[in-house]
Amino acid sequence: MKFFIDTANLNQIKEANELGILDGVTTNPSLMAKEGIKGYDAILNHYKAICEIVEGDISAEVLATDYDGIIAEGKVLAALHHNIVVKVPMIKDGIKAIKWFTDNGIKTNCTLVFSAGQAILAAKAGSTYLSPFIGRVDDSGWDGMLLIRQIANIFTAQGYKTQILAASIRNANHIIQCAEAGAHVITSPLEPILGLLKHPLTDIGLAKFMEDAGKM
Ligand code: G3P
């Protein structure tokens with residue numbers, strides 16, 4: 001399972017990259033706005049800065065919601081760097097645009113996926129990745145992990161090549177459950193990734209080893 005970091009914060013991207021286990025980055029308009037990035041040039045420059053830090057797929061989301069606008073924006077984003085993946089919302093024009101990008105050799109990430117039906121459409125359009133938002137599914141009273149399992153079973157049965165990129169990760173346990181459920185990729189904020197490091201018995205054991213090391 002690949003690890004992407006879900007942030008536009010350059011320091012956090014660097015910290016995760018230095019762990020040596022990072023395979024890519026995902027961003028969205030909310031994450032970019034959180035970093036105070038304003039204006040078209042600043043947005044494009046920020047994507048370039050991310051591409052310089054991480055050698056892996058970097059999702060950059062289009063802001064247009066009509067077919068022509070999505071295609072035009074996607075072309076500009078894809079031309080920024082060979083690692084850019086054009087992130088497209090799960091809407092009718094988005095699916096049409098994903099098919100166009102697929103036919104023209106541009107990688108895509110279909111975002112805002114909340115059902116298996118949407119996942120099937122994204123796979124049929126040839127999307128490189130699709131992003132089910134598991135935390136938001138949980139928030140709405142459904143089971144995000146059940147959705148990942150259902151999509152994984154369908155993709156195995158049908159031989160779809162689209163990679164399941166589990167998004168809206170809220171804690172370390174989500175990451176573990178995604179690995180078990182058959183997600184190809186998780187994208188997570190830094191904290192849940194660092195949360196995987198933690199176990200109280202590790203801390204207790206290390207403290208004892210250090211104490212005994214002093215007696216050697
Ligand atoms: O990648 C999608 C993610 O950014 C959404 O996360 O926590 O806002 O549901 P969240």
Side-chain angles (χ1 to χ4, degrees), residues 1-13 15-17 21-37 43 46-47 49-51 53-54 56-65 70 73-74 77 83-91 94-95 98 107-116 118-119 121-123 127-148 151-152 162-179 181-196:
M1 187 171 78
K2 288 190 270 189
F3 273 47
F4 290 179
I5 188 165
D6 193 29
T7 184
N9 182 286
L10 298 182
N11 289 331
Q12 290 185 12
I13 291 170
E15 187 175 340
N17 196 47
I21 51 90
L22 196 64
D23 301 296
V25 181
T26 55
T27 60
N28 62 39
S30 306
L31 295 171
M32 295 285 279
K34 198 170 156 192
E35 298 309 311
I37 298 145
I43 292 170
H46 202 76
Y47 289 139
I50 294 173
C51 289
I53 300 169
V54 179
D57 282 349
I58 314 294
S59 286
E61 189 159 343
V62 296
L63 304 178
T65 53
I70 295 172
E73 256 190 75
L77 293 171
N83 281 339
I84 289 283
V85 175
V86 180
K87 201 171 179 187
V88 180
M90 164 45 74
I91 52 175
I95 288 297
I98 287 171
K107 287 184 282 186
T108 50
N109 174 0
C110 183
T111 189
L112 292 166
V113 170
F114 291 91
S115 77
Q118 293 177 325
L121 274 181
S127 196
T128 316
Y129 299 103
L130 70 89
S131 296
F133 278 26
I134 59 173
R136 292 193 196 181
V137 173
D138 288 352
D139 292 346
S140 69
W142 295 77
D143 186 339
M145 220 48 70
L146 210 59
L147 177 61
I148 298 294
I151 297 172
T162 298
Q163 296 180 53
I164 304 165
L165 195 174
S168 187
I169 297 273
R170 301 283 169 75
N171 53 60
N173 202 34
H174 265 161
I175 300 177
I176 297 164
Q177 288 179 301
C178 280
H184 302 98
V185 192
I186 56 94
T187 189
S188 166
L190 183 59
E191 275 312 306
I193 295 173
L194 296 180
L196 292 172

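Atoms within a ligand are numbered from 1 in the order they appear, just like the ligands themselves. Every value quoted in this text rests on a predicted model; they were computed, and no experiment measured them.
We find that Asp138 and Arg170 are not joined by a salt bridge, their nearest charged nitrogen and carboxylate oxygen being 4.0 Å or further apart.
For ligand 1, the atoms lying closer than 4.0 Å to a non-hydrogen atom of Ala167 are 1 (O), 2 (C). Heavy-atom proximity to Phe133, at under 4.0 Å, picks out these atoms of ligand 1: 2 (C), 5 (C). For ligand 1, the atoms lying closer than 4.0 Å to a non-hydrogen atom of Arg136 are 5 (C), 8 (O), 9 (O), 10 (P).
Side-chain atoms of Asn109 and Ser59 include a donor-acceptor pair closer than 3.5 Å. For the residue pair Thr162/Ser127, the side-chain donor-acceptor check at 3.5 Å is not satisfied. Looking at Asn9 and Glu35, their side chains do bring a donor and an acceptor atom within 3.5 Å of each other.
Of the protein's heavy atoms, Arg170 NE, 3.1 Å lies nearest to atom 7 (O) of ligand 1. Among all non-hydrogen protein atoms, the one lying nearest atom 1 (O) of ligand 1 is Asp6 OD2, 2.9 Å. Ranking protein heavy atoms by distance to atom 6 (O) of ligand 1, first place goes to Ser168 CA, 3.5 Å.
Of the heavy atoms in Asn28, only side-chain atoms (C-beta onward) come closer than 4.0 Å to ligand 1.
Below 3.5 Å of separation, one finds no N or O of Thr187 facing any N or O of ligand 1.
At least one side-chain heavy atom of Ile43 sits less than 4.5 Å from a side-chain heavy atom of Met32.
Interatomic distance, Asn173 CG to Leu196 CG, rounded to the nearest 0.5 Å: 9.5 Å.
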